[in-house]
Asks: 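Take a look at the following structure, please.
Since this is a predicted model, take the numbers as computed values, not measurements. Numbering starts at 1 and runs along the sequence shown. No hydrogens, no waters, no symmetry mates; every other heavy atom, side chains included, goes into these values. Note that ligands are numbered from 1 as they come in the structure, with each ligand's atoms numbered from 1 the same way.
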Amino acid sequence: MISAASGIQGQRFSQPVDGPTALVDLPGAVRPVSSQNPNRKKVLFVTSELADLVKTGGLGDVSAALPRAMAHLHDVRVLIPGYRQVLDSDNPIHIIGELGGHAALPPCKIGRMDLKDGLVIYVLICPELYEREGTPYGANNGRDWPDNHIRFARLGLAAADIAANLAQIHWCPDLVHAHDWPAGLAPAYMHWRGSRTPTLFTIHNLAYQGVVSLASCPELGIPEHALQQEGMEFYGKMSFLKAGMAYSSHITTVSATYAREITTPEFGCGLDGFLASKTQQGLLSGIPNGIDESWESSTDPHLDHPFNIGDWQGKAVNASHVRKLFGLDESTGPLFAVVSRLVYQKGLDLTEAVAGFIVENGGQIAIIGRGEPEEEQAMRALALRFPGRIGVRIGFNETDARRMFAGSDFLLMPSRYEPCGLSQMYAQRFGSLPVARNTGGLADTIEDGVTGFLFDESTVQSYEAALARAFKVFAFPGLLNAMRCRAMAAPFNWCQAVEPYAELYEQLVAKALGKSGKV
Ligand code: ADP
Ligand code: GLC
């Protein structure tokens with residue numbers, strides 16, 4: 001049994017405050033415009049990453065962008081664990097509530113952080129679980145924390161507690177929107193408690209499932225009846241991700257193509273049958289991600305040389321900076337970029353295999369990312385094989401990533417699967433044409449031969465055929481620039497996602513209240 005949380009120490013928190021009304025007018029807090037929407041709902045967004053504070057990939061970007069994009073329609077607030085990066089951010093945290101423990105899940109506190117633009121963050125404060133050096137999921141050596149099942153069960157239970165008004169934070173959601181396996185137990189605990197608050201579960205990546213041994217059942221306070229096929233049982237174990245899907249009122253994923261793909265054995269990660277039956281019942285749909293307004297090449301403060309559509313000289317200046325940053329030779333050939341988590345999903349072994357082809361044809365590659373130690377090592381080795389032609393930086397920072405999208409001619413994204421993918425949209429917005437596998441959100445956001453190059457098979461042959469087309473286009477500046485113009489003008493934004501999410505929220509709440517709802 002895990003001991004109770006040690007008290008909150010240090011000066012980082014002010015406590016207590018007189019309930020949330022004391023916080024509404026915090027200095028500097030710009031409230032989201034109160035809208036005319038008569039159906040405005042209170043939505044708790046439960047996530048393990050938020051780009052403002054901590055992120056390892058696209059989930060962090062989406063968690064930061066979507067609540068803001070919806071602020072004019074719904075009151076969306078975010079619940080996130082109090083990792084060290086969250087507690088150490090410059091934003092003050094006010095303790096507003098406390099939650100009791102349950103089974104081996106320790107008690108915790110709820111802090112409130114108001115970001116400058118008015119986004120309200122509820123921080124789950126439990127130092128023994130979250131305040132560690134590393135990423136949200138593991139130590140800096142890439143190993144997952146052994147108690148992740150406790151850490152994220154605590155997150156799910158906190159969401160359920162807030163929904164049941166147990167935290168007494170004077171704000172109770174009409175709907176809980178949980179994301180990926182770390183938040184998977186939120187709908188589950190709510191269901192087991194008989195909560196009538198509707199829940200939406202979004203799959204950002206089906207391959208990460210949070211699978212734990214059945215022996216953890218008592219520690220997490222999971223009822224035995226949950227351990228069946230319609231519940232969270234998964235091939236003799238328990239899956240947090242399956243719990244999220246099994247117990248939520250509705251499931252979404254982040255592109256239409258991926259929503260179809262995951263109902264097939266090739267992409268279903270053992271859950272295709274389960275998901276196909278959800279689709280048949282009308283309980284699974286795809287809503288594509290967007291990108292936020294900061295992706296504007298003419299104003300981006302991260303760029304040494306912001307540029308407009310058509311200013312290809314300006315783009316070339318950015319290319320020159322990237323070459324310097326990565327120790328690459330001066331060149332008039334094409335510059336390819338890899339901006340990626342270095343994991344199996346992203347098909348980096350394929351890029352390794354086509355690197356010789358790219359270099360022989362006069363191309364160069366700049367690679368930034370971090371991830372699995374073996375993948376990192378393989379990328380380092382690639383740079384050593386082709387000095388001056390391939391440069392690698394292991395690690396990640398937003399400024400370099402943005403400079404790479406701006407400076408490169410092409411983005412390499414040979415993902416084995418891609419639920420949505422944001423990098424290919426960022427690249428297009430900055431005039432870098434993606435060379436990508438024809439799957440998931442890549443298939444939905446890249447127009448082959450118009451805004452990028454798609455290839456069908458996860459093979460070197462298929463990849464090289466797309467690269468050969470990219471080299472051909474590069475040799476004809478008129479054609480290259482026409483494609484850049486189309487890519488930079490592609491209408492990626494959150495509008496297309498906001499409406500379907502907003503409608504879904506309203507329908508799910510109406511249905512839960514017994515009013516007509518189409519869902
Ligand atoms: P995924 O979420 O699968 O990594 P996306 O394309 O949806 O893929 O999102 C990638 C986002 O994460 C982009 O904002 C990208 O710049 C950023 N990113 C890429 N690699 C890393 C990394 N190693 N650490 C943190 N963020 C990264
Ligand atoms: C996941 C997926 C990625 C998606 C992101 C945000 O990390 O791998 O394709 O864009 O989540 O939804």
Asks: Check each atom of ligand 1 against the heavy atoms of R370 and keep those under 4.0 Å away; list them by number with element.
Replies: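 It comes down to these atoms of ligand 1: 23 (N), 24 (N), 25 (C).
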Asks: Can you tell me which residue and heavy atom of the protein come closest to atom 12 (O) of ligand 2, and the distance to 0.1 Å?
Replies: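 Checking every protein heavy atom, the shortest distance to atom 12 (O) of ligand 2 gives H204 ND1, 2.6 Å.
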Asks: Could you tell me whether ligand 1 has any atom less than 4.0 Å away from a heavy atom of K346?
Replies: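 Within the 4.0 Å threshold, so yes.
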Asks: Is the closest heavy-atom distance from C420 to ligand 1 below 4.0 Å?
Replies: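 The answer is no, since C420 has no heavy atom less than 4.0 Å from ligand 1.
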Asks: Report, in ascending order of atom number, the atoms of ligand 1 lying under 4.0 Å from any heavy atom of K55.
Replies: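 Here the atoms of ligand 1 in question are 12 (O), 13 (C), 14 (O), 17 (C), 25 (C), 26 (N).
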Asks: If you count the atoms of ligand 1 from 1 in the order shown, which ones are under 4.0 Å from a heavy atom of T56?
Replies: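 Checking each atom against T56, I get 22 (C), 24 (N), 25 (C), 26 (N), 27 (C).
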Asks: Under 4.0 Å from a heavy atom of V62: which atoms of ligand 2 are those, numbered in the order shown and with their elements?
Replies: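 Reading through ligand 2 atom by atom, the close ones are 6 (C), 12 (O).
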Asks: By number and element, which atoms of ligand 2 are closer than 4.0 Å to a non-hydrogen atom of R341?
Replies: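 Heavy-atom distances to R341 below 4.0 Å select 8 (O).
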Asks: Any atom of ligand 1 sitting under 4.0 Å from a heavy atom of G371?
Replies: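 So G371 does not count as touching ligand 1.
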Asks: Any idea which atoms of ligand 2 are less than 4.0 Å away from a heavy-atom of Q345?
Replies: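 In order of number, 8 (O).
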Asks: Note the single closest protein heavy atom to atom 9 (O) of ligand 2, along with its residue, its atom name and the distance in Å.
Replies: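 The answer is E418 OE2, 2.5 Å.
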Asks: For W494, does the six-membered ring have the charged nitrogen or CZ of R68 within the cation-pi criterion, i.e. under 6.0 angstrom from the centroid and within 45° of the normal?
Replies: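 No, R68 and W494 do not form such a contact.
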